[in-house]
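All figures in this text were calculated on a predicted structure; none of them were measured in a lab. In what follows, chains carry the letters A, B, and so on, assigned in the order in which the sequence lines appear, proteins first and then strands, with residues in each chain numbered from 1.
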Protein chains: 2
Amino acid sequence: MKSVEHSMSIAEAAEHTGLSTHTLRYYERAGLMLTPVDRASSRHRRYSDDDIEWVGFLTKLRSALMPIAQVREYVDLVRLGEATTAARLDMLQRHRVSVAAKLDDISQALTAIDAKIAIYSKRNGNE
Amino acid sequence: MKSVEHSMSIAEAAEHTGLSTHTLRYYERAGLMLTPVDRASSRHRRYSDDDIEWVGFLTKLRSALMPIAQVREYVDLVRLGEATTAARLDMLQRHRVSVAAKLDDISQALTAIDAKIAIYSKRNGNE
DNA sequence: ATAAAACTTTGAGTGCACTCGAAGTCAAGG
DNA sequence: CCTTGACTTCGAGTGCACTCAAAGTTTTAT
């Protein structure tokens with residue numbers, strides 16, 4: 001059911017995804033697209049709605065601090081189909097745990113800095 | 001009262017701070033040390049307890065995602081003395097806010113991924 | 001005394017994730 | 001048609017934060 005799919009140019013795709021055209025091409029070169037982005041007769045890229053959605057998911061992974069290389073591993077698993085579901089789940093969960101630890105570290109550092117802020121605020125005659 | 005201060009070699013400083021000797025020299029070159037690290041007659045670095053403590057603070061700033069350039073700005077303010085206390089406070093607070101926002105973004109992305117995990121977990125074996 | 005290990009400086013190299021440039025092709029308005 | 005601007009590929013450049021190399025000096029252990 002990909003009937004009424006309106007494809008878009010790379011510029012439009014950039015607008016929809018919030019990435020630059022450079023980054024969209026870069027992701028494609030890096031093997032992050034689930035399926036090849038199809039082309040107009042002119043060889044210009046035509047992004048389908050599914051492509052846009054997929055890029056949205058990639059962006060989620062990147063926003064969650066997953067390195068490009070690991071995103072690619074994940075994508076490779078997805079392309080291998082259902083047999084890799086468990087592996088994918090495991091990967092996401094492990095990543096989740098490691099990021100949570102990282103966030104914890106950052107929070108701790110922020111807390112230490114807060115202590116510094118508190119000291120300044122006091123000393124600063126701000127009561 | 002910095003009487004019984006036992007200074008240490010760069011190797012020992014590395015051990016105490018958890019940074020590499022490379023990084024310690026790099027931080028120094030980058031102008032991040034509050035005061036010049038003093039040298040033995042051999043020109044080998046001798047890290048004082050204060051130096052170690054300062055590096056610990058630098059590490060807190062870095063752990064809280066503050067870029068080197070901004071850390072340097074901060075250090076420059078510290079060297080200018082008490083007159084800059086307000087500016088420093090402001091800087092730390094602003095940084096705190098921006099990092100909090102960043103952590104929020106990351107958390108949101110993680111939450112979205114969690115949804116994906118939930119889907120996988122439920123129908124363990126569907127696209 | 002001598003060999004090995006640790007230290008010094010300075011410049012260069014690495015890895016990541018883009019980001020840009022060049023040279024050319026294609027599309028849309030006047 | 002013709003120009004202007006968007007698009008193509010692919011290699012190169014950027015910025016950050018280290019990380020390492022080379023060549024020489026100093027310290028430590030034997």
Side-chain angles (χ1 to χ4, degrees), chain A residues 6-33 36-48 51-52 55 57-75 95 98-99 102 105-106 109, chain B residues 6-33 36-48 51-52 55 57-75 95 98-99 102 105-106 109:
Chain A
H6 35 83
S7 61
M8 52 182 94
S9 72
I10 193 167
E12 292 166 324
E15 209 176 333
H16 277 75
T17 59
L19 300 178
S20 69
T21 58
H22 287 305
T23 301
L24 284 172
R25 294 197 196 94
Y26 168 73
Y27 278 10
E28 190 177 336
R29 271 197 284 181
L32 304 192
M33 295 310 288
V37 177
D38 52 79
R39 307 302 168 109
S41 58
S42 57
R43 307 228 39 89
H44 288 195
R45 289 171 179 77
R46 307 271 30 180
Y47 286 83
S48 70
D51 289 333
I52 299 302
V55 171
F57 178 59
L58 292 179
T59 299
K60 280 276 176 287
L61 294 181
R62 292 288 302 118
S63 299
L65 308 184
M66 190 180 285
I68 295 287
Q70 203 181 329
V71 173
R72 183 167 47 235
E73 281 178 46
Y74 184 88
V75 176
H95 181 70
S98 82
V99 173
K102 204 169 295 181
D105 285 355
I106 297 170
Chain B
H6 36 81
S7 63
M8 52 182 95
S9 72
I10 193 169
E12 290 166 325
E15 211 176 332
H16 277 76
T17 59
L19 301 177
S20 68
T21 57
H22 287 307
T23 301
L24 285 171
R25 293 197 197 94
Y26 169 72
Y27 279 9
E28 190 177 335
R29 270 199 282 184
L32 304 192
M33 295 308 289
V37 177
D38 52 76
R39 307 303 169 110
S41 56
S42 60
R43 306 226 39 86
H44 287 195
R45 288 170 180 78
R46 307 271 24 177
Y47 286 84
S48 71
D51 289 334
I52 299 301
V55 171
F57 178 59
L58 293 179
T59 299
K60 281 276 177 286
L61 293 180
R62 293 288 301 118
S63 298
L65 308 183
M66 188 180 284
I68 295 288
Q70 204 181 330
V71 173
R72 184 168 44 235
E73 281 177 47
Y74 183 88
V75 176
H95 181 70
S98 82
V99 173
K102 203 168 295 180
D105 286 355
I106 297 170

Euclidean distance, atom [atom1] of residue [X] to atom [atom2] of [N] [Å, nearest integer]:
X	N	atom1	atom2	value
Arg43(A)	dC7(D)	CZ	P	16 Å
Ile68(B)	dC18(D)	CD1	C1'	9 Å
Arg45(A)	dC10(D)	CZ	P	10 Å
Glu28(B)	dT19(D)	CD	P	17 Å
Tyr26(B)	dG11(C)	OH	C1'	15 Å
Met8(A)	dA6(D)	CE	P	18 Å
Arg29(A)	dC7(D)	CZ	P	16 Å
Arg46(B)	dT26(D)	CZ	P	15 Å

> Any side-chain heavy-atom pair from Tyr27(B) and Leu19(B) closer than 4.5 angstrom?
Replying inline: yes
>> Assess the residue pair Val55(B) and Met33(B) against the criterion (side chain to side chain contact (heavy atoms under 4.5 Å, CB included)); give the C-alpha distance rounded to whole Å, side-chain angles, the decisive distance to 0.1 Å, and a yes or no.
In response: CA-CA 8 Å; Val55(B) 171; Met33(B) 295 308 289; 3.8 Å; yes
>> Here's a test of your reading of the structure: between Ser41(A) and Thr23(A), which maps to the more 5' nucleotide of DNA chain C?
In response: Thr23(A)
Please state whether the phosphate of [N], meaning OP1 or OP2, lies under 4.0 angstrom from any side-chain nitrogen or oxygen of [X].
X	N	answer
Arg39(B)	dT26(D)	no
Ser42(B)	dC7(C)	no
Tyr27(A)	dC18(C)	yes

Contact summary for [X] and [Y], nearest pair of heavy atoms:
X	Y	value
Arg62(A)	Met66(A)	NH1-O, 2.5 Å
Ile52(B)	Ala13(B)	CD1-CB, 3.7 Å
Arg46(A)	Arg39(A)	CG-C, 3.9 Å

> For Ser9(A), which contact category applies under a 4.0 Å heavy-atom criterion: base, sugar-phosphate, or nothing?
Replying inline: sugar-phosphate
Out of [options], which nucleotide sits closest to the side chain of [X]?
X	options	result
Arg25(B)	dT9(C), dC7(D), dC18(D)	dT9(C)
His22(B)	dA27(C), dA17(C), dC20(D)	dC20(D)
Ile10(B)	dC7(C), dA17(C), dA6(D)	dC7(C)

>> Taking the nucleotide of DNA chain D with the nearest heavy atom to each, does Arg62(B) or His44(B) sit closer to the 5' end?
In response: Arg62(B)
